[in-house]
Amino acid sequence: MKEAEGTERSRRGFLGFLGAVGLGWLAAAIYPVFRYLSPQAPPDPFGEDGRALVEKITSAEVSQPGMGGNGKYGNRGLLIFRNQSGTLKAFDSKCTHAGCNVAFEGERIYCHCHGGTYDLEGRNIAGPPPRPLTELGVVEEDGLLHVYRLTGGGESEAGS
Amino acid sequence: MKYEIPAEAEERLPAPDTRSGLLSRWFLQRFPVWRTYEHLEGKVVPKHRHSVWYNMGGLALFFFIVQVITGVLLMVYYRPAEPWMSVQRIVMEVPFGAVIRSIHHWSANLMTLALFIHLFSTFFMKAYREPREFTWLSGALLFAVTLVFGFSGYLLPWDDLAFFATRVGIAEVEKAPLLGMWLADLARGGPEVTVDTIGRFYTLHVMVLPVTILTIIGLHLFFIQVQGVSEPDFFAALPPEQKKYEKFFSEFMFGEIPIWLCMGALLVAISAVWPRGLSPEADPFGSAPAGIKPEWYFLSQFQLLKLFPGKIEAVGMFLWTMIPIGILTVPFLDRSIPADDRGRLVTKIGIVALLGLLLFTVWGGLS
């Protein structure tokens, strides 16, 4: 009888030990898998000099007031246009509502997904967007367009 | 060492000198499953004016089988490294490729529709009550897996409609409290929908989800085979001489065959008349095209969230979350057989939920 109890106790002890080792084993296996599946942080679109080259749209395509379109900087979408007073304006093209890319429509900036509308300063004026677009600074150099992060202006979602 | 044939089996098996007698004995000596056979043989399905709903689960299963076959065929040519090009090749060059892809599309939609009907018909017949709580829960899980199947498959062609619909869909996940952002990033493989997202969705769609769904389908069917089909209250209250049943094997099963054949023909017909289109290749940096809409089975949620823009969006999310919570808890809240006042209240809530779902789906479709 006593002997049986002792066996029972050591059996439980062994099972407990096995459980603990098993859990440790599982944790050791899960962590690398978790890290493997977790996305890596995307590279900062702005290089060492704080600027990003504009691609998929050329300065010729925004040479006159009222011209504009979609392009990219780093791995992000860009909306760039020249306003009526001749100034180049650039925004991260991600709509602040649901993340579609907005379109330049001359008088306004419009998102076809849910009808979000912004004025040419990027302010949300109609539809569902909760915030203005993220504005970027533009420089034109040797016929190439670059954008840079504007400090203090708007929410700096770009490159986050 | 062969197994012995039980005496009650000996009584009923065909004579041992016939071919079928020999074969059945040969089998039973190797697999001692006579009691299982008797159990399955005794399985019946109630016959009443609402019996047609009992075919919906089987119908969903039929569409699922079509999905497996067409899905395997599509995998032969689909390449996640050049998603749009490979789908275009399936549509333009591969013989019958366009039809097989369209059938996959329509069968997915009809499978979801059949599951919707199956879910609501079992709900209104109160089949979730004791002892079938786990059949109900496994069914709810199957429905959820099917929706993830739909969402992940939708992106794979990588055309601009799919791309932006997925982007919007995941942006909704982002807004969920606590784990939302983490889940969204995990699904996308980063802060944006990119080709990395294709890798994740593809693996989910052709490997993880199929294994998961097959396992749960197995459990779901096993539960049904063990417990039998539930009798709705109005049927259970009938005097015994008025209760009519149909044997599951094989009267009910044979009854399903013509339905399946008709549905197969319907699938081919609608796929021929309305082939699944392929819009231009997704441009992650271009502006979104007009007409971005989720598949119809996400429309009600989409429309509800539209009603609560900006800061009160959480209210819409909370309202919508009530549906899955209700589905998961109903077997434990409504237990009385036959239905009591609470049971009748649950039915009314179900009617409101169904009407709401229909209203918001149609509204979302029209707007």
Applying salt bridge (charged side-chain N to carboxylate O under 4.0 Å, His left out), which residue pairs with at least one partner in residues 281-290 of chain B are found, sequence neighbours left out?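 Residue pairs passing salt bridge (charged side-chain N to carboxylate O under 4.0 Å, His left out), neighbours aside: A:Lys56-B:Asp283.
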
Give a yes or no on this: more than 12 heavy atoms of other residues, nucleotides or ligands lie within 6.0 Å of atom OH of B:Tyr77. no

Counting only heavy atoms not in B:Met322, do more than 12 sit closer than 6.0 Å to its CE atom?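 Yes.
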
Validation: residues 15-33 of chain A side-chain donor-acceptor distances under 3.5 Å, sequence neighbours left out:
unit_1, atom_1, unit_2, atom_2, d
A:Tyr31, OH, A:Arg35, NH1, 3.2

Using a cut-off of under 4.5 Å for heavy-atom pairs, which of [options] has the most such pairs with chain B?
| options | answer |
| --- | --- |
| A:Cys111, A:Gly69, A:Gly71 | A:Gly71 |
| A:Ser93, A:Ala98, A:Gly77 | A:Ala98 |
| A:Pro129, A:Gly99, A:Ser38 | A:Gly99 |
| A:Val102, A:Asn75, A:Leu78, A:Ile57 | A:Asn75 |

Please state whether the rings of B:Phe302 and A:His114 are parallel, tilted or perpendicular, taking 30° and 60° as the class boundaries.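 If you compare the ring of B:Phe302 with that of A:His114, the planes turn out tilted.
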
Please classify the contact of B:Arg188 with chain A as side chain, backbone, both or neither, using a heavy-atom distance under 4.5 Å. neither

Which atoms of B:Lys175 come close to chain A, meaning under 4.5 Å heavy atom to heavy atom: side chain ones, backbone ones, both, or neither?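 B:Lys175 touches chain A through side-chain heavy atoms alone.
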
Does any heavy atom of chain B fall under 4.5 Å from the side chain of A:Cys113, the backbone, both, or neither of them?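 Both backbone and side chain of A:Cys113 come within 4.5 Å of chain B.
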
What are the two closest heavy atoms between A:Ala103 and B:Ser287, and how far apart are they? CB-CB, 3.5 Å

Gap between atom CZ of B:Arg167 and atom CG of A:Asn101 - 0.5 Å precision: 4.0 Å

